[in-house]
Amino acid sequence: MSPSRPLGRLGPDRCSVGALDRGDSPVATASPTQRWLLIEQPGPWGRDALVESRFDRSVASELARRSRAENVRLLLIRRPDERLADSGRRWAYADSRPGQEGLWWSVRATDDDLLTAPWDGSVGQRADRPVFLVCAHGSHDACCALRGRPLARAMPAPGPADVWECSHLGGDRFAANVVVLPHGFYYGQVPGDGGDLVRAHAAGQVALPWLRGRAGVPPAGQAAQHHARGELGLLGLDDLPVTSVRPTTPPGADVERWTVTMSGPGGQVVASVESRPSAVADRLTCRATHPAHSRTWHVSLDQRSD
């Protein structure tokens, strides 16, 4: 296991500080993941969290193979400040697919139980409230720990099992990063104690100022949906589902364009979406050795049919 190292401070060399200074937008950066396996694993995590933790290493590689084969995102989780004091052997399966949303908690006797347990919601106790996962994986990127751990400790969720630190979510420069399950909404640059985010989801709404997108929706669809939510004031979790993402430029073009169709309360909402490389290349993670271009997104609503 990799030894823990001091994380330092949030100085100007940190990727999340640079992203805030540049005004990088986190919109359209949610993962394609739609099914999740959450494994409670207290203690330190190395860069490869599953292998470099106290999880049974003889089981880890087989479990990783199964998660890849079944297209299930595997995340380690742990309690902020030990909010709960049981054995540390909880696990959960979550489904973010529209119409199938749910999260089910179980307890494993041994780590290898996870190799044969069904990942389909047929076992475990169904969660009746949103679960907030805050990326705090400092061995992957220091910003995730420096911003994520204080947020996880402070977040005013209703119960102690509703907020967890988690391993790498992606988008390090947007720390503090949060994913809300079971719907799979990604958030970045979450400020303060995250109270506005918790209250929005308690009311069945997204917190638009920090929304990165919904997991499983193509990036162009995430960008279109975000813009349309702001224009139309539709913040419900299930508002404006994306029904079609049609590219209008060849794959890999420097400037890419799509026509995105969403289902609105009065009929179809159609958007034109354009993505291009950022004007300037920057270090996009704390570990990056070379600068890279991010993508910028530009959206206009074309029509709303009743």
Using 0.5 Å steps for rounding, measure from the OG atom of S106 to the CZ atom of R89. 14.0 Å
Starting at CG of L75, measure out to OG1 of T33 and round the result to the nearest 0.5 Å. 8.0 Å
Between the OG atom in S96 and the CZ atom in F185, the distance rounded to the nearest 0.5 Å is 9.0 Å
Could D282 and R173 be called an ion pair, given the rule that one side-chain N must be under 4.0 Å from one carboxylate O? no
Cation over ring, R126 on W105, under 6.0 Å and within 45°? no
One pair to check against side-chain contact (heavy atoms from CB on, under 4.5 Å): Y93 and V123. What are the steps and the verdict? CA-CA 9 Å; Y93 166 78; V123 299; over 6 Å; no
If hydrophobic clusters are built from ILVMFWY residues whose side chains come within less than 4.5 Å, do L151 and V180 share one? yes
Checking the side chain of T249 only, and the main-chain atoms of R257 only, is there a donor and an acceptor separated by less than 3.5 Å? yes
Between the side chains of R153 and E165, is the shortest nitrogen-to-carboxylate-oxygen separation below 4.0 Å, so that they form an ion pair? no
Check the pair W45, H140 against side-chain contact (heavy atoms from CB on, under 4.5 Å), reporting the backbone distance first and the verdict last. CA-CA 9 Å; W45 306 329; H140 197 280; over 6 Å; no
Show the numbers, then the answer: is there a side-chain contact (heavy atoms from CB on, under 4.5 Å) between L50 and L76? CA-CA 7 Å; L50 183 65; L76 295 193; 4.0 Å; yes
Does E70 come within less than 4.0 Å of R66, counting only side-chain N to carboxylate O? yes
Donor-acceptor contact present, side-chain Q205 to main-chain H201, <3.5 Å: no
Are there more than 12 heavy atoms of other residues, nucleotides or ligands under 6.0 Å from atom CG of D21? yes
Applying a strict under-4.5 Å side-chain criterion to I, L, V, M, F, W and Y, I'd like to know whether V206 and V163 cluster together. yes
Report yes or no: do L284 and L169 belong to one cluster of Ile/Leu/Val/Met/Phe/Trp/Tyr joined by side chain heavy-atom distances under 4.5 Å? no
Measure the CG-CD distance between N177 and Q189 for me, rounded to the nearest 0.5 Å. 8.5 Å
Is E101 paired with R214 through a side-chain N to carboxylate O contact shorter than 4.0 Å? yes
Once you round to the nearest 0.5 Å, how far does SG of C135 lie from OH of Y186? 9.0 Å
What's the verdict on side-chain contact (heavy atoms from CB on, under 4.5 Å) for L211 and V27, showing C-alpha distance, side-chain angles and the deciding distance? CA-CA 7 Å; L211 183 63; V27 171; over 6 Å; no
So, for W258 and W297, is the gap between ring centers shorter than 6.0 Å? yes
With a distance cut-off below 6.0 Å to the six-membered ring centre and an angular limit of 45° from the axis, does R212 pair with Y187 as a cation-pi contact? no
Closer than 3.5 angstrom, by distance alone: can the side chain of T243 be matched with the main-chain N or O of T261 as a donor-acceptor pair? yes
Which label fits H137 and H168: parallel for a plane angle under 30°, tilted from 30 to 60°, or perpendicular past 60°? perpendicular
